[in-house]
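Working notes, structure below.
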Amino acid sequence: DDTRMATLDSVAQLIVKTVDRGNGAPCQVRGLVFQLGERGSKYGPAWYTCKVQGPDGAESVQKSTPYDSFIGWCKRQTLQALHDQYPGADIPTLDELRQALEALALQQARQIFDAEQYGSALAAKAAARLSSGAQMAFSHRDYCGIGLMANGNSFVMAEVQDGYFGTTLHTWANKKAFMALLA
């Protein structure tokens with residue numbers, strides 16, 4: 001599988017978000033386990049770790065490390081290397097890892113964010129505004145939250161990083177389906 005040679009770089013931010021939102025629970029995708037690690041100081045930012053769950057139990061692949069070091073590790077780490085290093089472990093492909101993390105991120109978002117409906121008049125205004133090319137999103141440095149935009153005839157809800165739309169959380173095929181969500 002060609003994706004085994006790809007690094008974890010393309011899913012690093014998604015790993016961090018799902019771990020951060022997990023309230024301390026490990027994020028496991030088949031034989032890979034990502035979780036918050038032990039911090040170097042009780043006052044510092046979160047630290048992250050990666051373990052491989054194999055037939056003989058879990059082994060640390062990346063010991064607890066701060067965010068920047070963890071992201072750097074993701075840029076260098078391939079799934080093939082993990083597969084070779086832990087031959088009995090069930091290591092997912094990059095696509096499987098991305099799909100599982102996106103599904104978890106959506107599940108977490110649904111638990112965190114309010115799902116109150118707004119009514120058909122406001123839904124129509126929002127759809128019209130998005131259809132005109134406008135985007136509904138915060139734009140600042142680092143993680144900006146969840147945003148909405150139109151993409152042709154479809155509507156997209158995605159995470160926003162540095163003011164740019166990133167990981168798609170959900171796509172509605174048309175205006176009617178999008179408005180049904182809001183109304």
Sub-3.5 Å donor-acceptor pair from the side chain of D9 to the main-chain atoms of C74, do we have one? no
For residues C144 and G163, report the shortest heavy-atom separation together with the two atoms involved. SG-N, 3.4 Å
Between Q13 and I71, is the side chain to side chain contact (heavy atoms under 4.5 Å, CB included) condition met? List the steps. CA-CA 8 Å; Q13 293 297 328; I71 296 298; 3.9 Å; yes
Closest approach of S64 to E38 (non-hydrogen atoms, all atoms of both residues): OG-O, 2.5 Å
With rounding to the nearest 0.5 angstrom, report the CH2 to NZ distance, W47 to K63. 13.0 Å
Does the side chain of F34 reach to within under 4.5 Å of the side chain of Q28, using non-hydrogen atoms? no
So do T7 and L94 actually touch side chain to side chain, heavy atoms under 4.5 Å? no
Nearest heavy-atom approach of D162 to R141 is OD1-C, 3.3 Å
Shortest non-hydrogen pair, A89 vs V52, comes out as CB-CG1, 3.2 Å
Applying a strict under-4.5 Å side-chain criterion to I, L, V, M, F, W and Y, I'd like to know whether F113 and L182 cluster together. yes
Taking the side chain from S154 and the backbone from N174, do they hold a donor-acceptor pair closer than 3.5 Å? no
Remaining members of M149's ILVMFWY cluster at a side-chain heavy-atom cut-off under 4.5 Å? V156, V160, F165
Rounding to 0.5 Å, atoms CE (M157) and CG (L181) come to a distance of 7.5 Å
Side chains of D84 and Q80: donor-acceptor distance under 3.5 Å anywhere? yes
Would you indicate whether the side-chain heavy atoms of L97 and L8 approach each other to under 4.5 Å? yes
Residue pair T65, T49: steps toward the side chain to side chain contact (heavy atoms under 4.5 Å, CB included) verdict: CA-CA 7 Å; T65 185; T49 185; over 6 Å; no
Rounded distance [0.5 Å steps], CD in Q85 versus CD1 in I91: 9.5 Å
Output the distance between atom OH (Y86) and atom CG (L32), rounded to the nearest 0.5 Å. 10.5 Å
Any side-chain heavy-atom pair from L82 and Q77 closer than 4.5 angstrom? yes
M136 and L122: same hydrophobic cluster, using ILVMFWY side-chain contacts below 4.5 Å? yes
Beyond-backbone contact of F178 with L148, side-chain heavy atoms, under 4.5 angstrom: yes
Check side chain to side chain contact (heavy atoms under 4.5 Å, CB included) between A128 and all other residues, then give those that pass, not counting sequence neighbours. none
Name all residues meeting the side chain to side chain contact (heavy atoms under 4.5 Å, CB included) criterion together with K175; count only those two or more places apart in sequence or in a different chain, and write none if there are none. A127, F155, M179
Taking the side chain as every heavy atom from C-beta outward, state whether F70 and V16 have any pair of such atoms under 4.5 Å apart. yes
Passing option when C27 is tested against I15, V33, L101 for side chain to side chain contact (heavy atoms under 4.5 Å, CB included): L101
Going by the rule side chain to side chain contact (heavy atoms under 4.5 Å, CB included), which residues pair with Y143 if we only count those two or more places apart in sequence or in a different chain? K17, R21, I146, E159, Q161
Please name all residues satisfying side-chain hydrogen bond (donor to acceptor under 3.5 Å, both in side chains) with Q35, sequence neighbours left out, ordered by chain then number. none
From CA spacing to verdict: side-chain hydrogen bond (donor to acceptor under 3.5 Å, both in side chains), Y48, D20: CA-CA 9 Å; Y48 304 88; D20 285 348; 2.7 Å; yes
On a heavy-atom basis, which atom in G166 and which in A158 lie closest, and how many Å separate them? O-CB, 4.0 Å
Would you say the side chain of W73 lies within less than 4.5 Å of the side chain of C50, judging by non-hydrogen atoms? yes
Less than 4.5 Å apart, any side-chain heavy atom of L14 and any of E102? yes
Does a side chain donor of either S10 or R98 reach within less than 3.5 Å of an acceptor in the other side chain? yes
Heavy-atom donor-acceptor pair, Q108 side chain to T18 backbone, under 3.5 Å: yes
Would you find more than 12 non-hydrogen atoms of other residues, nucleotides or ligands less than 6.0 Å from R39 atom CZ? yes
Residue set satisfying salt bridge (charged side-chain N to carboxylate O under 4.0 Å, His left out) with D90, at least two apart, ordered chain then number -> R30
For E96, does its backbone N or O pair with a side-chain atom of T93 as donor and acceptor, under 3.5 Å? yes
